Structures are given as structure tokens and as C-alpha cells.
Amino acid sequence: MHQLLTSLLRFLLRHALQFALFIVILLAGRLLLAEWRAYSAGNEAVATLRQASSNAGNHGASLADAATVRVNALQHASQTAIATRLQQVQAHLRQLRARQQPSLFTLPLPDADTLALHAQDEAARHVEIEVLAQEARYLSALHAAISGEDARHTLARLHAEHVSAYAALQHNQRQRRQLEAQHPLAARLPGSDAYAQLSRLEAEGQRLREINLQAYRAWATQRARTSDAALPAPFAIDNAALAGALAPVQKAIAAGETQLARNWIARWRAPVMDVAPTAALLVLSAILLPVAIKAFFYFVLAPIASRLPPLSIARELQMAGSSLPLPPHGESRISAVSQALQLNPGQQMLIHPEYLQSSPVSTRKRTQWLLDWRFPITSLAAGMVALTRLRSDVPASVTISASDDPLLEIAVLHLPAGSALVFQPRGLVGLICDTGQSLAMSSHWRLGSLHAWLTLQLRFIVFRGPVTLIVRGCRGVRLERAGQGRSISQSATLGFTTDVLYSTMRSETFIPYLRGQQALLNDRFDGDNGVYLYEETPHHGKQPGKVGSWFEGFTDAILKVFGI
């Protein structure tokens, strides 16, 4: 019962955590989507306003140029012509100021193109009103100067017009305040009658403010010239006032940019876009650089190495007539799951403890810390440490087997006196030699060979007989004669006799090498009497893709440099 309740609680807790996680993910997604929509809408609105401002500025410049040419052409025209043009300009101004834009609060809501056209039309209308207003003021002054009208009379008339415009503006403001006081909520609710009435009053107020401003400017201009009734100077557009006509658009652009600045997508977009090209270049380099390096190795260095003379490793140590015994004709496999070895009196066996399956109780066992004290680093790197040393006063049968890995097999290699074998200690499990006899082992460097550098094996370890080597290999160990030339995978090679000529040859196809399915070079062995030793399945136990695989590959490369 207790176990059932525990399982039920775990079940509920797990699904409760899943429920909470889903809520967090959905909320984060909703916030992210809202931020993105706000950024897109704001960015599009600012771009639309900027385009509207630019178009309106260009439109205003063209209107200003046309107005300058047109007005200056009237400098010597008749009074009637000036009056006619003034009436046309004033009529056009009244038409522009009275023109109402269609409401944007309609269902369905207008699309982005409609909003863009609305912004452009409004900006163009303000610019055109400013240009025509400046033209109207100049024409009024020109007409007054030509008609000989008394400057003081004109000043009084313009003052009366200003007073009338200001009174109309004050009346409009009182109406708006009265409406807002009567309908405080409905006046702010789009679609209501009070809101529509307030919108009309606001539009009318904007128009009255412009009329009042123009009347004031006309009065101020006339007051400045009351002492001089001569013809005014040639007409020129007031560019500062023309730019001021676009102030609402610039204010809207500034507000949109401020809103965008608070959006975290906009804050991160610029830095990301700044480093994106560099990041893309780094990714492209990470993709192409290994390909280029592999292509250089495959098509340049490997063919050069293949044409170089082969290596001869300690050939002088191989005495004539001494060679390793080969398996019967047609066979090359020399390994088995377990091997029974005969330990005679006067001999000693050094063996990894985990490979010692059974031995007579009469044997004497001691611990030997290193395989050879002359090569401590090699012994440590090859794992030949804390070995078990066996001795017996009578012939003893010792069984050797790989108890920790079912795919490993054991091979026994007898090196007679006068024979020498280049061997990688990584495949060594143990050995049998005469008691009191030091192990005949030596190292040989080949720093001047391209074969050695391309394979990263600069040092070769040589064992000399008489000695019996106990060797391990994944899925089996094979011993074959080199003959007129044999090629095998580098990672499978365990050793070869010193009367073998060692070289490298390029793998046959480039694509498997590029994809990491084959090594760049294969080992090649030549020699009529020479033999070589290899395991059937190299690198057993490695797991590519794990976190530590890169470190494992690095350490393997270092060990390979030292022939281990």
C-alpha cells in the first residue's frame, strides 16, 4: 500500500511539473509573440512616417520653387492680376483647411497601405498650406503696396481680422470644454455621437488656430512695414516655417522611435546584426577549413609520402634465418578466447591480473610495478603497471583470458632468439621470459620521415627474442606474411618484424576519408620473409559523439607519437 501511494504521488508530481512547465512555455511564447508584433508594427509605422516626411519635404521643395517663380513674375503685373491670384490662393487655402481626412476608426480596420497613404496625404497637405499661406501674405503686401492703400488702414483691418479669428477660436474652445463636461466618458469613446461631435470641434479648432496664426502673422508683417509702403523685396520661401509644417510628423516619428527603443527585440536586433556577418564567416570557415585541410592532405601530402622510400626499423637486429613461426598454410588467425600456456622452471610470466584466469596454487605470485624500469613512461602509458609475476619450480599450465570484455581474444607470439618485432605496447597483455633475463626492448625514432609525420608515429618500440608475447585483439588477432606488399588499416596494426619495409599508402577514395569513415593512410608492408600482426576490429570500445571523445582522440594521438 505504501509503495502504491508513493508511485501515485510521483505520478501526480511529475504531471504537475509538466503542467507548470507548459504554462511557463505558453506564457513565454505569448510574450515573445506580443513583443514581435509590437516591434513589427512600430517599425513599419516609423518607416511609413519617415517615407511620408521625405515625400512631403520633396513635394514642399517643388511647390516652393514653383511659388517663387510664379510670385516673382507678378512683381510688375497689374493690380487686377495680383488680386485675382490672391483670391485663387485664398480659395485654395480654404479648401485645403476644410478638407477632412476619412476616419480611421472603421470596421474592418484599415490596412497598412491605407495608413501610409493617410500619413503621406496629411504631411503633403500641411506643406502645401504653408507654401500657399506664405504666398498669400506676400501677395497681400504686394497688392497693398501697388494699390496705394493707407498702411494704417490696412494694419487696422488686419488687426480686426486677427481679433475676429481669435474670438472664433475662443468660442470653439468653450464649446469643446462644455461638451467634455456634459459627456466626459462618451466624448472619449470612438463611435459615439459625442466623440464624433468632439472630433469635428477639434478639427475646426485646428483650422481656426491656423487662421488665427496666419492673421497674426499678416498683422505683424503689416505693422513692420507701416513706415514703408514701397514694394516688398522679391518673394522667398521661409524654409524654417516650411520645415515647421512637418513638426507633427517628426513628433510622431520621435514617439515611434522611443516606443521601439523600449522593445527588447529592437534593442538586441542591432548588436545581433552587427556580429551576424562575422558569425556566418566563422561558421563557414568551420565548415570549409576541415575540408580544405583534408583535401590538402589527401591530394598533396599523401601522394608525396607514397612515392618516398619505405622505412626500415632496426633491420640490423633481425638475424638471418630467424623468423616468427606462421600458422598452417591458408590460415592467419592465431588468437582464441583463452590460451593455455606452459610455464617451465626457470621462466617467469608477467601478466595483467585481470587476464589471469587460472593457475596452479603451487606458483609463486608477486607484484611487479612496471614492465621495464628503463621505460617507465612507456610502461605507464601502455597500462603495463601493477603486473602479476608468476614463477614455478615445476611445469605449470596457466590459462589466460579476457574476463572483462567478451570481444577480446588472446594470441601467443613466440619470438625466437635472433628475431625482432616492432610492436605497439597497447596490445600487450603480458610476456614470458627467462628468469633473471632482462627484457630486450629498445626504442627507435624516425623524425626525418614523412611517413612517420603523416601517421604521427615518430617512435617505434622493438622487442627482441627469445621472449613470448601475450597479445590481445578485438575479435581476433592475425599473423600474415608481407610478401610482395600488403596493405591494412593503420588503426589495426599491432606490429611487424624488423625485416619488413614499412611505408604508407593513400586510401583509395576521398569521400569516405572526408566523412571520417576511412583513415587518410593505410599501412603497407613489403618483404618476402617479413610478417605483420594486426587485430581484426580496431578501436573497440570507443564511442564517438560522447563529451570526452575529443580528449580520448587527443590522448590517442599523443600515445601514437611515442609508439604506444
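These figures come from a predicted structure and were not determined experimentally.
A distance-only check finds no donor-acceptor pair linking the side chain of R524 to the backbone of L501 [under 3.5 Å]. At least one donor-acceptor pair under 3.5 Å links the side chain of S335 to the backbone N or O of V477. A donor-acceptor pair is defined here as one N or O able to donate and one able to accept, closer than 3.5 Å; no such pair exists between the side chain of S359 and the backbone of V398. Side chain of S507 to backbone of Q518: no donor-acceptor contact under 3.5 angstrom is found.
With salt bridges taken as basic N to acidic carboxylate O contacts below 4.0 Å, none links E409 and R475. Salt bridge annotation for R364-D393: present, with a cationic side-chain nitrogen under 4.0 angstrom from a carboxylate oxygen.
Residues F375 and L370 have side chains not in contact (no heavy-atom distance under 4.5 Å, counting atoms from C-beta outward). L387 is listed as a side-chain neighbour of H352, based on a closest heavy-atom distance under 4.5 Å. A 4.5 Å side-chain heavy-atom check between I432 and L343 finds at least one atom pair inside the cut-off. When side chains are defined from C-beta on, T509 counts as touching P512, because their heavy atoms get closer than 4.5 Å. Counting heavy atoms from C-beta on, the side chains of L421 and L469 come closer than 4.5 Å. Considering only heavy atoms from C-beta on, L350 stays 4.5 Å or farther from T388 through its side chain. The side-chain heavy atoms of L494 and Q424, taken from C-beta on, include no pair separated by under 4.5 Å. Using a 4.5 Å heavy-atom threshold, the side chains of K365 and R389 count as separate.
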Residues T399, S358; criterion side-chain hydrogen bond (donor to acceptor under 3.5 Å, both in side chains); working and verdict: CA-CA 5 Å; T399 302; S358 66; 3.2 Å; yes
Could you walk me through whether Y502 and D526 satisfy the side chain to side chain contact (heavy atoms under 4.5 Å, CB included) test, starting with their C-alpha distance in whole Å, then the side-chain angles of each, then the deciding distance to 0.1 Å, before giving a yes or no? CA-CA 7 Å; Y502 170 74; D526 294 275; over 6 Å; no
Apply the test side chain to side chain contact (heavy atoms under 4.5 Å, CB included) to residues L428 and I470: give CA-CA distance (whole Å), side-chain angles for both, the deciding distance (0.1 Å), then the verdict. CA-CA 6 Å; L428 190 63; I470 306 171; 5.7 Å; no
Candidate pair V337 and I410, rule side chain to side chain contact (heavy atoms under 4.5 Å, CB included), full reasoning: CA-CA 6 Å; V337 176; I410 304 300; over 6 Å; no
Given the rule in the side chain to side chain contact (heavy atoms under 4.5 Å, CB included) test, do H444 and I461 qualify, once you have shown the distances and angles that lead to the verdict? CA-CA 7 Å; H444 303 264; I461 305 297; over 6 Å; no
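Scanning all heavy atoms of the two residues, the minimum distance from R481 to V531 falls at CA-CG1, 4.0 Å. Annotation for L520 and A302: closest pair CD1-CB, 4.1 Å, computed over non-hydrogen atoms. Scanning both residues, P303 and R506, for their nearest heavy atoms gives CG-NH1, 3.6 Å. In this structure, A452 and R446 approach most closely via the heavy-atom pair CB-O, 3.3 Å. The two residues S362 and V394 make their nearest non-hydrogen contact at OG-CG2, 4.5 Å. Across all non-hydrogen atoms, the minimal contact from L408 to A402 is CB-CB, 3.7 Å.
We find the OG-CG distance between S419 and L413 to be 8.5 Å, quoted to the nearest 0.5 Å. Between the CG atom of L341 and the CD1 atom of I351 there is a distance of 8.0 Å, given to the nearest 0.5 Å. Atom CZ in R464 sits 9.0 Å away from atom CG in L439 (nearest 0.5 Å). Rounded to the nearest 0.5 angstrom, E535 CD and L407 CG are separated by 11.5 Å. Within the model, atoms CE of M349 and CG of L390 stand 6.5 Å from one another, a figure rounded to the nearest 0.5 Å. Of the inter-residue distances, the one linking D405 atom CG with Y355 atom OH reads 7.5 Å to the nearest 0.5 angstrom.
A donor-acceptor contact under 3.5 angstrom links the side chains of R478 and S332, judged on distance only. When only modelled atom types and interatomic distance are considered, S503 and H451 share no side-chain donor-acceptor pair under 3.5 Å. No hydrogens or angles considered: a donor-acceptor pair under 3.5 Å links the side chains of T493 and D523.
The distance between the ring centers of Y534 and Y532 falls below 6.0 angstrom. The ring of F510 has its center closer than 6.0 angstrom to the ring center of F299.
Below 30°, between 30° and 60°, or above 60°: for Y513 and Y298 the angle between ring planes is below 30°, a parallel geometry.
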